[in-house]
Amino acid sequence: MTGGLYTYERDPDAIYAQSFAIIRAEADLARFGDAAPLAERIAHAAGDTGVLADLVVHGPVIAAAKAALAAGRPVIVDTEMTRHAIAARYVPREQVRCHILDAETPAEAEAAATTRSAIAIRRAADALTGSVVVIGNAPTALFELLELIRGGARPAAIFGFPVGFVGAVESKAALVAMAPAPFATVRGRRGGSAIAGAALNAAAAATADTRISA
């Protein structure tokens, strides 16, 4: 299509169809079984089907997340970026909780010599059992979650996608080693709120044919 100096695809339906046709041509999604919709959305969010070589899915993470959401359990996130990556058409805004902007969070983080994202998870400790936890930025938040699990918290499902050069690899390796609940993660440095949100959106939609937009 044209309409200016550049020739490019403008039709959103065509862009959507072409994008997922490319993903399905490049990636063997069948190997992920029931988690294929999740894998597909992660590849789309990353703009890279190569990320799927590092995707780890443990247990019935889609079914567990859907059951928790249907029961009205909260979705607990590490940052506002992650919260905004979750589509309101699948998860009501009021069901998503982020404590990073709580008035007490900065002082608690300073006192504990940790990040505000870690404190955001700690401040949700009483709601963790039965919840869905989505971590899209901070490795410290994932480590904090694992510590709380060791202390007795029992989330229903974990979407652990912290990103970065310090702690991301190690925090996700710790999640894989512990495997405390059904979870999805990507080994290595890659991750981020867009991938984390896409993974939860896919689980909430629970069908490969449903269009997901944040």
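All heavy atoms count here, side chains included; hydrogens, waters and symmetry mates do not. Since we're looking at a predicted model, the values are computed, not measured.
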Give every donor-acceptor pair under 3.5 Å between a side-chain atom in residues 155-169 and any protein atom, sequence neighbours left out.
none

T140: which residues meet the side-chain hydrogen bond (donor to acceptor under 3.5 Å, both in side chains) condition with it, sequence neighbours left out? T115

Under the salt bridge (charged side-chain N to carboxylate O under 4.0 Å, His left out) definition, can you give me all pairs with a residue in residues 105-121, not counting sequence neighbours? E108-R123

Which residues share a side-chain contact (heavy atoms from CB on, under 4.5 Å) with A43, sequence neighbours left out: I23, T49, L52

According to salt bridge (charged side-chain N to carboxylate O under 4.0 Å, His left out), does anything in residues 58-77 pair up with another residue at least two apart or in another chain? List the pairs. none

Pairs meeting criterion salt bridge (charged side-chain N to carboxylate O under 4.0 Å, His left out) with involvement of residues 130-156, two or more places apart: R122-E144

Could you report the tightest heavy-atom contact between D13 and D11, atom names first, then the distance? N-OD1, 2.9 Å

With sequence neighbours left out, which residue pairs that include part of residues 43-61 fulfil the salt bridge (charged side-chain N to carboxylate O under 4.0 Å, His left out) condition? D48-R190, D54-R190

My understanding is that a hydrophobic cluster links ILVMFWY residues whose side chain heavy atoms are under 4.5 Å apart, including indirect links. Using that, what else belongs to the cluster containing I22? none

Apart from I100 itself, which Ile, Leu, Val, Met, Phe, Trp or Tyr residues share its cluster (side-chain heavy atoms under 4.5 Å, direct or through members)? L101

Holding to side-chain hydrogen bond (donor to acceptor under 3.5 Å, both in side chains), I want the full list of residues that pass it with T114, two or more places apart in sequence or in another chain. none

Across all chains, not counting sequence neighbours, the side-chain hydrogen bond (donor to acceptor under 3.5 Å, both in side chains) partners of E80 are R83

Across all chains, not counting sequence neighbours, the side-chain hydrogen bond (donor to acceptor under 3.5 Å, both in side chains) partners of D28 are none

